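See structure below.
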Amino acid sequence: MDLFEHQAKELFAKYGVAVPRGKVAWSPDEAEAAAAEVGGTVVVKAQVQIGGRGKAGGIQLAKDPAESMPRIRGHTVRRVLVEEASEIAAEYYVAILHDRASKGFLAMASAEGGVEIEQVAAEQPEAIVKVPVNPLVGLRGYHVNQLVYGANFDERARKGAAQLLNRLYEVFLAADCLLVEVNPLVLTTGGEVIALDGKVSLDDSALDRHPDLEALRDTFAVDPQEQAAKEKGLNYIKLDGYVGIIGNGAGLVMSTLDVVAQAGGKAANFLDVGGGASAETMADGLEVILSDDKVRSVLVNIFGGITRGDLVAQGILDALDRLGDKVKVPLVVRLDGTNAEEGRALLASSPSDMVVPAATMLDAARKAVELADTKAGA
Ligand code: GDP
Ligand code: MN
């Protein structure tokens, strides 16, 4: 789970990481009031979870904070962070993250802050100093020195940056983060070192240790299908196509996405109902997919192992029953493996004309794409 910038900064502030004074606003009126409260020149920062807001017009040194930024690169802006503007002398980059390769942590610093770090990594990798940190040892003075001296931070920034790194490491540990990143970390003309931006990725599997952070999720603009899927315990990811996909096993679902692409279609989602898919899971999954009105056909691709084909078929029939005339798009079903025969027979007995059987995966994908195209009048 990624925090919004303002949430990351609130977390930073709790641990003494210096951040600009600011206030979140949910409407132009609130933004105006926040600007008056913060005082002086303010920056208005769109709170959307994409990088490069600066370039996309999502950061404005505002004379008029009520000026709204309704959409940025397809993301709806529901709130802005109104902050006192900083006068920047230098922009740096620092981050602490998990490093799979060393099975430890990695601290990074660069004097090339304020630009996308991926770009720096590609164009001048030597400008990023990387220091492995053994979690059992922790972030020590010598690590911090390697970072601030290694990355050539301005002399005036060293002390502040060192202190900020130590506190950032506390945040990283305390909140079970996968990543904390500050880009840019700035040296102000007044000689202060502050986190002008903040990115925090939390480890979802540790969230039950952090009810306060988990609660932040409620304030997220969650996609309705993803929300419903999560409540039902389904492994669902929304994509931007129009062929709904259900399969059992991540590998099979991935291949299903591939064959749909091969057949000229675009998948609407990824949904893995797992190894022991029950009739209920199947019905839940279909319900989630069918509630997405971009979906014009659904491809159910099940290879029975532990999962039994007849139970899957029953799940499809249950879903059809449960959803009634909410089912407005065809379901192409390919069943194979354990009890596939029985499953197919069950489906054939369905009074619904929405179920379309298919013999192979590719055949199923072609049918699903064709039916989706017909539906679109293409
Ligand atoms: P991002 O583009 O989404 O990473 O958003 P950032 O918060 O990192 O801001 C992008 C850039 O906007 C920064 O690198 C700064 O150059 C500029 N910026 C942000 N806040 C201020 C500010 O208070 N004063 C000034 N002068 N520039 C700012
Ligand atoms: Mn940034």
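One-based numbering, in listed order, for ligands and for the atoms of each. Quick caveat, the model's predicted, so the values are computed rather than measured. All residue numbers in this chain count up from 1 along the given sequence. Atoms considered below: every heavy atom in the structure, side chains included; atoms not considered: hydrogens, waters and symmetry mates.
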Original post:
Any idea which heavy atoms bring Ile245 and Leu271 closest together, and the distance?
Top reply: O-CB, 3.4 Å
Subject >> Nearest heavy atoms of Pro20 and Glu83, plus distance in Å >> reply: CG-OE1, 3.6 Å
Original post:
Which of these, Val42, Val186, Ile88, Val48, has its nearest heavy atom closest to atom 28 (C) of ligand 1?
Top reply: Ile88
Original post:
Which residue holds the protein heavy atom closest to atom 4 (O) of ligand 1, what is that atom called, and what is the gap in Å?
Top reply: Asp197 OD2, 3.1 Å
Subject >> Numbering as shown, the atoms of ligand 1 that approach Gly114 to under 4.0 Å (heavy-atom distance) >> reply: 14 (O)
Original post:
Of the protein's non-hydrogen atoms, which lies at the shortest distance from atom 7 (O) of ligand 1, and what is that distance?
Top reply: Lys45 NZ, 2.6 Å
Subject >> Option with minimal heavy-atom separation from atom 14 (O) of ligand 1, where the choices are Glu116, Glu181, Glu91, Glu5 >> reply: Glu91
**OP:** Quick one: pull up OH in Tyr242 and CG in Asp293 and give me the separation to the nearest 0.5 Å.
**Re:** 16.0 Å
**OP:** With atom 12 (O) of ligand 1 as the reference point, say which of Ile117, Asn183, Ile59, Leu185 has the nearest heavy atom.
**Re:** Ile59
Subject >> Sub-3.5 Å N/O-N/O distance, Gly54 and ligand 1 >> reply: yes
Original post:
At under 4.0 Å between heavy atoms, which part of Glu83 makes contact with ligand 1: side chain, backbone, both or neither?
Top reply: neither
Original post:
Ala85 heavy atoms, cut-off 4.0 Å: which ligand 1 atoms fall inside?
Top reply: 23 (O)
Original post:
Got a protein heavy atom sitting under 4.0 Å from atom 22 (C) of ligand 1?
Top reply: yes
Original post:
Which protein N, O or S atoms lie under 2.8 Å from the Mn ion (ligand 2)?
Top reply: Asn183 O, Asp197 OD2
Subject >> ILVMFWY clustering at 4.5 Å (side-chain atoms), partners of Ile128 >> reply: Tyr93, Leu97, Leu106, Met108, Val115, Ile117, Val120, Leu179
**OP:** Check side-chain hydrogen bond (donor to acceptor under 3.5 Å, both in side chains) between Asp203 and all other residues, then give those that pass, not counting sequence neighbours.
**Re:** Ser205
**OP:** Determine whether Glu87 and Thr188 make a side-chain contact, defined as any pair of heavy atoms from C-beta on separated by less than 4.5 Å.
**Re:** no
Original post:
What protein heavy atom sits nearest atom 5 (O) of ligand 1, and how far off is it?
Top reply: Arg53 NH2, 3.2 Å
Original post:
What protein heavy atom sits nearest atom 20 (N) of ligand 1, and how far away is it?
Top reply: Leu196 CD2, 3.5 Å
**OP:** Hey, can you tell me if Phe172 and His98 have their rings parallel, tilted or perpendicular (30° and 60° cut-offs)?
**Re:** tilted
Original post:
Does a salt bridge link Lys199 with Asp2, judged by any charged N lying under 4.0 Å from a carboxylate O?
Top reply: no
Original post:
Do Tyr92 and Phe153 have ring centres separated by under 6.0 Å?
Top reply: yes
Original post:
Taking side chain as C-beta onward, heavy atoms only, is Lys294 less than 4.5 Å from Asp240?
Top reply: yes
**OP:** Sorted by first residue and then second, give each side-chain hydrogen bond (donor to acceptor under 3.5 Å, both in side chains) pair with at least one member in residues 157-171; sequence neighbours left out.
**Re:** none
**OP:** Going by the side-chain contact (heavy atoms from CB on, under 4.5 Å) test, name the single residue among Leu317, Ile316, Leu331 that passes it with Ser350.
**Re:** Leu317
**OP:** Starting from atom 26 (N) of ligand 1, find the nearest protein heavy-atom neighbour and note its residue, name and distance.
**Re:** Ser86 O, 3.4 Å
